[in-house]
Amino acid sequence: MTGTQAKRGAWNSKLGFVLAASGSAIGLGNIVFFTSNAYQYGGGAFYLPYFVALFTLGIPVMILELGLGTLTGRSFPNALRQVGGRRAEMLGWWAIAAQFIITAYYVVIIAWAVSMMVGSLGSLFRPGVSAPFDPFREPATRPSAVTYFFHLVSTGWPLVALAAVWAINLFALRGGARTIEAMVRVFVPLMWVFMIGLIIRGLTLEGGLDGVLYLFTPAPEGIANAAVWRGAFAQMFFSLSLGLGVMTTYASYLPKKADQVANAFTISFLNCGFEYIAGVAIFALLFVFSLNPAGTTLSLSFFVVPQGIAAFPWGVRFFGFLFFLLVTAAGLTSSVSLIEGMVSAIIDKFGLSRGRALLVVSIPCALVSCLFVLPQIVDPGLAGNGTLGLTLLDLVDHWVFSYALITVGFVETLILGWVLGADKLRAAVNEHSRIPLGRWYEPFIRWGAPALLGVILVWSLAGEFTGETLYGGSTTPAGLKWLTVFIPLACLAGTVLVATILTRAAGKADEAPAGRGGAGGAAATLGAVALLVSGALLAPARAHAQDAPVIPARARVGEAVNLTLPGAASLTVTYRPNSSIARSVTLPVGSDGVVVWTPEQAGVVALAVDGGSSRNVSVRFAGIPWLGVLVLAAAGTILFGGAGYGLKRLFEGDDHAFPLDT
Ligand code: PHE
């Protein structure tokens, strides 16, 4: 380890870095956003473009961000300055400003998961929710995770959870790489174990496999849809933690000899492997219980999955708790990386001590995050954007999430490709890489990646102005419509202002003083407590038959279903949930009240009588969808084979510069 690295902090082991970087990548994006995007875009229609995005954009940009970190040994803005001067530095600070906003609401989603986790032990799975809300009180009315969630966010409870989330983050960050490493050594393996537990549960229930195959069976009409490709590329970028410089910061704590190609492959495959099993677990549930996650991004994880879990024959509270614990653990290992990215940038530029830098970043960020838990009810129906906090989160998320990362990626590839020079980057990376990067990498970074990102960017922006209002125009409550214009403008102006100030500010020191911090035993204790609590809950939960959703009839493609609907005039069948590829068929009901419906397509299909409220039916495939089986097997082999191969190459290397590896 060089003196510089000793001062800035450094990973103790290769494994520590791989866990931390994959822990950053695996987060809410893998469970909450991936599954809901995949569902919105029609399952198999999404998976192939997503897989293409991994190879055409994900891995090459991952190599670039990691390479920049070891090349310069600096966090993102400072690294960019080193390769491209002041103007490049400004891009880095702009990314940090966007990261500040993303962190502020990311921790709030974790806080909701914590609240739901506590609620699993309390009244989430008890019959009904009453107002005023109290997570431990036995409620009186009928239950649903949706009502539970909206009542929850309209109370002060999430604020308590938010305080806890910040406390855990600060605790894990107090010693920099060393204490982050201690945390991820506990949390990351736990996440994998929990997810595998959920998969086993989902697949052992009848009908689960059809849900899985639905996710992997390519649907030509969806693949031909441009929006699906855009969604898949944006999801890949966020999921791999690219476009904010987090990977650059994490890589800057590595020895110069680190093999960044092997790292990039390993981290990307581990991340997408986790997403693959999250998809398998959650899509199985959707089919088993015929659930249809309409509406917002959060709904799949926060409403639909708990609804499915509530219908389990046993272990309801255990699996409910486990699911939200999993979301929490995954979220925390990502939020830690988001905060570390900011803290490290401040330390590198201003030479503050770690403790001070942590306070400078987290106090304002924690205050801003309180905006997103504001319980003030703005929509008395408590739907969609029921509270002020939810309304703000929805708007901010739309603008920052969709544009910041891709914009940074676009400019960053241009800077590295042209200003530093793609040839220099490739040479630097190849110096220590056991899997050398071919010549293709240079034109790709110069032309290919910026072109791809530029197209996505322009195309998404153009889409914003095709509707009558800006994003949120129809969902934001009447008195708050001005926010739909104010939020994007405020985010843009605020981030540019902060970036300008921080770029111009004179840096005090080039090197940061050594970070302080104790052992990471507390993270281990936390994990152990979590395990104990979940173990205690293993005892079968009490019977939930009465509050489980009525399981609708299943159907199979091509097999006629006779429905008797006396007095009804029509039956509307809606295939696929995605607005751009949804298709409705209206069948007239005969005078005898009978209608014959022959399902045409697999999926969770909504049936509505006379345009009224709908009931879901999961339609299974007619035979075995071999194409889906093939994609399932091929994707699994590539992802897990790739991760295994990457790990093997990494650990057989001779760069014994890590204290724990020698
Ligand atoms: N990759 C993380 C997730 O999937 C989110 C994240 C994005 C974290 C960017 C750090 C930087 O949830």
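Every number for a ligand or one of its atoms is a count from 1 in the order of the listing.
With hydrogens and angles disregarded, no donor-acceptor distance shorter than 3.5 Å links the side chain of Ser239 to the backbone of Cys272. Side chain of Thr249 to main chain of Ser75: no donor-acceptor pair is present (N/O by atom type, distance under 3.5 Å, no hydrogens or angles).
For Tyr250 and Phe17, the gap between ring centers reaches or exceeds 6.0 Å. Aromatic rings from Phe274 and Trp192 are positioned such that their centres are separated by under 6.0 Å. Between Phe33 and Phe401, the gap from one ring centroid to the other is short of 6.0 Å. Aromatic ring centres of Phe216 and Tyr276: separated by under 6.0 Å.
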Pairs under 3.5 Å, nitrogen or oxygen of ligand 1 with protein nitrogen or oxygen:
unit_1	atom_1	unit_2	atom_2	d
ligand 1	1 (N)	Ser24	O	3.3
ligand 1	1 (N)	Ala25	O	3.0
ligand 1	1 (N)	Phe238	O	2.9
ligand 1	1 (N)	Ser239	O	3.0
ligand 1	1 (N)	Ser241	OG	2.9
ligand 1	4 (O)	Ala25	O	2.9
ligand 1	4 (O)	Gly29	N	3.3
ligand 1	4 (O)	Asn30	OD1	3.3
ligand 1	12 (O)	Leu28	N	3.1
ligand 1	12 (O)	Gly29	N	2.8
ligand 1	12 (O)	Tyr106	OH	2.5

